[in-house]
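Below is one structure, written out as structure tokens; comments come after it.
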Amino acid sequence: MRLSHITRIAAVAAALVLTATACGEQAELGSPGASAPPVAEATFEAGTTMAKLNEAGALRVGTKFDQPLFGLKGLDGNPVGFDVEIAKIIAAKLGIPADGITYTETPSKIREDVIANSQVDVVVATYTINDARKERVSFAGPYYVAGQDLMVATDNTTITGPDTLKAANARVCSVSGSTPAKTIEQYVDPANIVLFDVYSKCADALRNGQVDAVTTDNVILLGLIDSSQAAFKLVGAPFTEEPYGIGITKGDVAFCEFVNTTLTEAVADGTYAAAWTATAGKVQPEVPELPAAGTCS
Ligand code: GLU
């Protein structure tokens, strides 16, 4: 079994090289080879999550399926984006190739549930680290810090920040179970807040004129704007900090520390920068600095 696992890794590595070299167009579409890091020959202390995942040769990842640049389901059925690349970096350090990853769509509201119920091994899904969530899950990272912002129709000149929403009597769309949905309550009457399960539905509602603004993290909005054919624009006045963490089983300190080390190594070996450049770098070319890691608990 071990042998067939190694053989499979070799075959996948060869396939990735072919994709990267012979098929640039496909790689640009975000195929699994877009910036896949090399798979490590890894050994781990028996009984750890790392050892179990390495032995299984498989990693179950919860991510978004409708967020361009971070997690967007591609033509081959697999999601692509920065979160997906972060998951691949973690998998590679565990000795798991990109095709050993299975993806589960995890809308904002169910992220704690899928971790607590062991339906996935990690959630990499524009997932803000906060104390309320830490009651049910632990977080490695952060690997990026976003900020909540607003997206409006390109011709909208009245909404210029959260403080302008009330005067404009604006209907604002966000997603259930997200931090922006909670934060926006300070700025908008409850009757004017529209919540869906995923942000693409907010984008549809904005396009149809059913809402006047969409609020979530600036980088998520930039992805929606990038695929809006110039229908939407970013207000550009971020009003929170959203540190993105990798959600794992509560209390798995060794796995959290492994992921944090993996992130530091990914900066040093260039895979973090490559992951950014191949995805979110399309709209924000400057590679972000890896934020200082939080304490694993
Ligand atoms: N980062 C925020 C959160 O974790 C908003 C993005 C999202 O809903 O995925 O709630």
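Atoms considered below: every heavy atom in the structure, side chains included; atoms not considered: hydrogens, waters and symmetry mates. Numbering of ligands and ligand atoms starts at 1, following listing order.
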As an exercise, identify every atom of ligand 1 less than 4.0 angstrom from a heavy atom of Ala125.
9 (O)

Once you restrict to heavy atoms under 4.0 Å, what part of Val175 touches ligand 1? Side chain, backbone, both or neither.
neither

Counting from 1, what ligand 1 atoms have a heavy atom of Ser108 closer than 4.0 Å?
7 (C), 8 (O), 9 (O)

Closer than 3.5 angstrom, by distance alone: can the side chain of Asn130 be matched with the main-chain N or O of Arg133 as a donor-acceptor pair?
yes

Measuring from the heavy atoms of Arg111, does anything fall under 4.0 Å of ligand 1?
yes

Considering only heavy atoms, which of Lys109, Glu242, Gln67, Arg133 lies nearest to atom 4 (O) of ligand 1?
Arg133

Taking the inter-plane angle between the rings of Phe70 and Phe82 on a 0 to 90° scale, is it parallel (under 30°), tilted (30 to 60°) or perpendicular (over 60°)?
perpendicular

Under a 4.0 Å heavy-atom limit, does Thr128 contact ligand 1 with its side chain, its backbone, both, or neither?
both

Note: ligand 1 atoms sitting under 4.0 Å from heavy atoms of Pro180 are 2 (C), 5 (C), 10 (O)

Atoms in ligand 1 flagged as close to Ile220, the criterion being non-hydrogen separation under 4.0 Å
6 (C)

So does Pro180 get a backbone contact from the side chain of Gln148, meaning a donor-acceptor N/O pair under 3.5 Å?
yes

Correct closest heavy-atom pair for Pro291 and Val145 would be CG-CG2, 3.7 Å

Within 4.0 Å of some non-hydrogen atom of Thr216, the atoms of ligand 1 are 5 (C), 6 (C)

Looking only at heavy atoms, which two atoms of Ala140 and Ile129 are closest? And how far apart?
O-CD1, 4.2 Å

Find all atoms of ligand 1 within a distance of less than 4.0 Å from any non-hydrogen atom belonging to Tyr244, and give their numbers and elements.
1 (N)

So if I count the atoms of ligand 1 from 1 in the order they appear, which ones are less than 4.0 Å from some heavy atom of Tyr127?
4 (O)

More than 12 heavy atoms from other groups under 6.0 Å of NZ on Lys233:
yes

What do the steps show when you test Gln210 against Val194 for side-chain contact (heavy atoms from CB on, under 4.5 Å), and what is the final call?
CA-CA 9 Å; Gln210 292 166 316; Val194 177; over 6 Å; no

What are the atoms of ligand 1, with element, lying closer than 4.0 Å to any heavy atom of Lys64?
7 (C), 8 (O), 9 (O)

Does ligand 1 come near enough to Tyr199 that some N or O of the ligand is less than 3.5 Å from an N or O of the residue?
yes

Backbone N/O of Thr215 and side chain of Ser174: donor-acceptor pair under 3.5 Å
yes

When the side chains of residues 112-122 are checked against the rest of the protein, which donor-acceptor pairs come out under 3.5 Å, sequence neighbours left out?
unit_1	atom_1	unit_2	atom_2	d
Glu112	OE2	Tyr127	OH	2.4
Asp113	OD1	Arg136	NH1	2.9
Asp113	OD1	Arg136	NH2	3.1
Asn117	ND2	Asp113	O	3.2
Asn117	ND2	Gln119	OE1	3.4
Asp121	OD1	Arg60	NH2	2.9
Asp121	OD2	Arg60	N	2.8
Asp121	OD2	Arg60	NE	3.2

